[in-house]
Structure formats: structure tokens, C-alpha cells
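Reviewing the structure listed below.
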Amino acid sequence: MDPARALRDIAFRLERSGEPTYRVRAFRQAAAVVDGLSSKELESRVQAGTLQALKGIGKATAGVIEDALQGRTPAYAAKLDEAALPDGGPLRAALRGDCHTHSEWSDGGSPIREMAEAARSLGHEWIVLTDHSPRLTVARGLSAERLRDQMIEVAQVNEALAPFRVLHGIEVDILDDGALDQTEELLAQLDFVVASVHSKLRMPAPEMTPRLLAAVANPHVRVLGHCTGRLVGGRGRPESEFDAEKVFTACREHGVAVEINARPERLDPPMRLLRRAAALGCDFAIDSDAHAPGQLDWQVYGCVRAHEAGLGPDRIVNTRSAEAVLAG
């Protein structure tokens with residue numbers, strides 16, 4: 001058993017279970033250390049008991065490495081108590097990509113390539129990389145210069161992983177007046193734009209409605225992200241208020257998909273709004289909003305909600321090929 005793979009598998013399972021970032025990072029950092037060692041040095045350190053002398057390897061990760069080299073299922077992996085994911089059914093099987101993911105360039109925890117490889121291992125053909133825009137400083141939003149630099153890395157990852165595709169996108173902040181937090185010139189160069197509200201979520205409906213309508217009308221926007229901004233986990237956060245009939249009708253008319261955000265603490269929009277958007281004829285994007293590789297699996301929660309709303313694959317943009325997504 002490959003020790004680095006064993007460490008990353010544990011990190012993936014911890015992420016999928018929503019474990020704290022520091023715990024996940026310990027296993028991913030240890031995997032990176034193992035990657036930098038020759039098999040001879042690794043075996044020598046195991047025999048000498050000096051693994052923990054290496055920066056980035058502690059007692060738990062050293063145990064995983066030792067078990068893996070001996071061909072045993074790591075004891076740490078065996079004791080993981082994972083909550084079973086729901087069955088995403090035929091809709092999950094039909095998904096070919098994920099329209100909303102983050103990397104370490106903003107507030108994600110892993111490199112672009114690691115996110116892409118994890119998505120590929122789940123059976124996807126493509127993902128959209130949608131790191132945050134500049135105003136969201138708490139999430140290390142990308143300036144125009146950093147976004148251009150990211151284009152270079154995305155191209156390199158695509159060259160290495162072809163035919164798998166990373167579509168270069170952005171989760172752009174919807175500003176108070178409905179304008180988008182990035183230049184029109186740069187938005188036009190991207191493959192995909194998810195527009196989301198991250199500030200002034202309690203804005204009164206008479207102001208929030210035109211704010212959302214202006215964003216949806218922007219020709220670069222492809223998905224309206226987590227439209228109510230609610231949080232159902234932890235301390236929670238109430239829904240933003242807006243005229244759902246007007247906003248979802250505008251989404252349909254402008255060809256903007258309504259996101260079914262599958263993060264367990266979001267599950268946005270709530271079912272009553274999801275059903276209303278479905279009845280109005282909107283298309284949808286079932287997205288993980290993953291900030292780490294293990295969270296990519298959370299799309300199944302969105303599939304369950306889509307099924308409950310009576311949606312089939314024909315209404316879900318993620319069921320389409322990368323070429324069809326690019327074509328709009």
C-alpha cells in the first residue's frame with residue numbers, strides 16, 4: 001500500500017465527514033513529506049523509528065505510514081467513524097462535473113491539481129474552479145493580477161490531466177447595487193461565472209430583489225450561487241429576503257442556472273424556493289461548493305434535494321459535457 005495515498009485517503013474521508021481543517025491538514029502535509037522521500041529513506045526511517053523527526057509527521061501520521069508499508073490497513077483509517085452519505089441515485093450517476101469549487105488560491109485547502117484529481121476519481125469529466133473575487137478579503141479573494149496568474153496554472157493542470165478539464169471560473173461577489181466584483185474584461189475571459197451575495201445578507205427585499213436581478217442580467221453570469229445565503233448548521237443564519245418569482249423568472253429568461261448548493265450547512269435554496277424555481281422552468285446546477293477534495297462528494301446531498309423537487313437530468317447543467325457547458 002502506498003503510504004502517501006493512504007494518508008490522502010484518510011484526509012479525504014475526514015473532509016467528507018466535515019472534520020476540522022487542522023486535522024485534515026496534518027494528513028495532507030504528511031503525504032507531501034512522504035512524496036519528497038525515496039522509498040529507501042522512508043523504509044530506513046520506519047526501521048529506525050525516526051519518522052517523527054521529520055517536520056510534518058506526528059504520531060498518528062507515522063502510524064499510518066508504518067501500517068501502509070507493512071501492507072496493513074492503517075489502524076487510524078479502521079477506526080474512522082464516518083457518517084454514511086445518502087444515495088444520490090441515477091441523478092448522481094448522471095453528473096459529469098461540478099460548477100462551484102475552491103482551491104488554496106482563495107479559501108480552499110488544496111492545490112488546483114489535487115482538487116481536479118479528486119474530482120476525476122469520483123467519476124467527473126470536468127470541474128469549474130471558482131475561487132473568490134477581490135472584495136471577499138476574509139476568503140483571500142483574487143485580485144485581477146492573481147486571477148490572471150491563476151489562468152496559467154489552470155492551463156498547466158489541464159495539460160497534465162487531459163482529457164479531464166478544469167474550467168476556469170470565479171465565484172464573483174454581487175455588490176450592493178448588483179454590479180459584479182471583477183472587471184467585465186476579465187469576466188469575459190473566464191469559462192464560467194458563479195455570482196453570489198456574501199455581504200449585507202439582511203438587506204430588505206425591496207433592495208435585495210433589484211440587486212439580484214441586476215446580477216442575473218449580466219451576460220457573463222452562468223449560475224446564481226446559494227441564493228438565500230442561509231446557514232442551517234452551527235449558529236445558523238436566516239435566509240435573505242427577495243421576490244423569488246421575479247428573481248427566478250429572470251434566471252430562466254437569462255439562461256442563468258439556480259444553484260442547488262449541497263454543502264450540509266447550506267442546503268440552499270430551501271425546498272419551498274427550490275420547488276418554486278422548478279415550477280418556473282429554471283435550470284439548476286448541483287454544486288458541492290467544495291473547499292477541499294473530500295467535500296466534492298457532498299454533491300449527493302444536492303441530488304437528493306433535486307429528486308425531491310422532481311428534477312431530472314435534463315434540468316441539471318452538471319449532466320452536460322464540458323463542451324456543452326462552455327457553449328452555454
Side-chain angles (χ1 to χ4, degrees), residues 2 4-9 11-12 15-16 28 31-32 34-36 88 91-132 142 144-172 182 185-194 220 222-223 257 259 262 283 285-300 302-303 313 316-328:
D2 176 60
R5 180 58 184 265
L7 289 162
R8 289 191 172 95
D9 178 65
F12 183 95
E15 287 165 343
R16 189 171 65 180
R28 291 202 180 278
V34 170
D35 286 339
L91 190 51
R92 172 61 187 89
L95 295 184
R96 301 170 76 171
D98 191 329
C99 299
H100 187 168
T101 70
H102 296 274
S103 77
E104 64 182 2
W105 280 72
S106 63
D107 60 342
S110 292
I112 297 170
R113 178 162 178 166
E114 196 164 317
M115 293 294 291
E117 289 175 337
R120 184 176 62 178
S121 72
L122 292 174
H124 284 329
E125 300 171 11
W126 53 268
I127 58 169
V128 185
L129 175 67
T130 52
D131 280 320
H132 290 285
L142 274 63
E145 181 180 1
R146 290 183 67 216
L147 186 59
R148 290 190 184 94
D149 290 342
Q150 191 181 62
M151 290 178 181
I152 297 172
E153 183 170 335
V154 169
Q156 292 170 342
V157 171
N158 279 329
E159 184 177 357
L161 299 186
F164 185 89
R165 291 284 301 276
V166 177
L167 306 183
H168 194 201
I170 188 172
E171 183 182 12
V172 66
Q182 192 48 272
E185 174 194 2
L186 266 177
L187 292 177
Q189 294 180 47
L190 296 170
D191 297 320
F192 204 93
V193 175
V194 175
H220 302 303
R222 303 288 298 280
V223 170
E259 180 177 71
D283 278 347
I286 299 176
D287 295 333
S288 66
D289 193 358
H291 287 62
Q295 296 174 5
L296 291 163
D297 237 355
W298 286 348
Q299 271 183 307
V300 293
C303 291
I316 309 299
V317 299
N318 315 62
T319 64
R320 301 165 192 169
S321 67
E323 290 73 21
V325 171
L326 287 169

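Residues Leu122 and Arg92 are in side-chain contact: their nearest non-hydrogen atoms beyond the backbone lie under 4.5 Å apart. Counting heavy atoms from C-beta outward, Ile170 and Leu187 have side chains that approach closer than 4.5 Å. For the pair Phe192/Val223, a side-chain contact is recorded, criterion being any heavy-atom separation below 4.5 Å from C-beta on. With a 4.5 Å cut-off on side-chain heavy atoms, Met115 and Glu104 do not count as touching. Between Thr101 and Leu296, some side-chain heavy-atom pair lies under the 4.5 Å cut-off. Within the 4.5 Å cutoff, side-chain heavy atoms of Val166 are placed close to those of Val154. Side-chain contact check for Leu147 versus Leu186: some heavy-atom pair is nearer than 4.5 Å. In this structure, Glu15 and Asp297 have side chains that are not in contact, with every pair of non-hydrogen atoms separated by 4.5 Å or more.
Evaluated for a side chain to side chain donor-acceptor pair (under 3.5 Å) with His168, the options Gln189, Gln150, Glu153 yield exactly one hit, Gln150.
Arg148 contributes atom CZ, which lies 8.0 Å from atom CD of Glu145 (distance to the nearest 0.5 angstrom). Of the inter-residue distances, the one linking His102 atom NE2 with Ser110 atom OG reads 13.0 Å to the nearest 0.5 angstrom. Rounding to the nearest 0.5 angstrom, the gap separating the CZ atom in Arg320 from the CG atom in Leu95 is 12.0 Å. Going from atom CG of Leu129 over to atom CH2 of Trp105 covers 9.5 Å, rounded to the nearest 0.5 Å. Rounded to the nearest 0.5 angstrom, Ile316 CD1 and Arg96 CZ are separated by 14.5 Å.
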* Would you sort out whether His124 and Asn318 count as a side-chain contact (heavy atoms from CB on, under 4.5 Å), showing the intermediate values? => CA-CA 10 Å; His124 284 329; Asn318 315 62; over 6 Å; no

* Under the salt bridge (Lys or Arg N to Asp or Glu O under 4.0 Å) rule, what do Arg222 and Asp191 come out as? Steps first, then yes or no, please. => CA-CA 10 Å; Arg222 303 288 298 280; Asp191 297 320; over 6 Å; no

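In terms of heavy atoms, Ser121 sits closest to Ala118 at OG-O, 2.6 Å. Val317 and Ala285 make their closest contact through CG2-CB, 3.6 Å (heavy atoms, listed as atom of the first residue, atom of the second, distance). Nearest heavy-atom pair across Leu167 and Trp126 is CD1-CE3, 4.2 Å. Across every non-hydrogen atom of Val157 and Ala116, the tightest pair is CG1-CB, 4.3 Å. In terms of heavy atoms, Ser106 sits closest to Leu142 at CB-CD1, 3.9 Å. Annotation for Phe164 and Ala119: closest pair CZ-CB, 3.9 Å, computed over non-hydrogen atoms.
Note: His291 and His132 have tilted aromatic rings, judged against thresholds of 30 and 60 degrees for the angle between ring planes.
Of the N and O atoms on the side chains of Gln182 and His220, not one donor lies less than 3.5 Å from an acceptor on the other residue.
Atom CZ of Arg146 has more than 12 heavy atoms from other residues, nucleotides or ligands within 6.0 Å.
Asp98 places a side-chain N or O within 3.5 Å of a backbone atom of His100 that can act as its donor or acceptor partner. Listed for the Asp131 side chain is a donor-acceptor partner under 3.5 Å among the backbone atoms of Ser103. Side-chain atoms of Thr319 come within 3.5 Å of backbone atoms of Pro313 as a donor-acceptor pair (strictly under, hydrogens ignored). Distance alone, capped at 3.5 Å, is enough to place a donor-acceptor pair between the Asp287 side chain and the Cys99 backbone. Judged by distance alone, the side chain of Arg113 and the main-chain N or O of Leu161 form no donor-acceptor pair under 3.5 Å.
Arg8 meets the side-chain contact (heavy atoms from CB on, under 4.5 Å) test with Ala4, Arg28, Ala31, Asp35, Glu114; sequence neighbours excluded.
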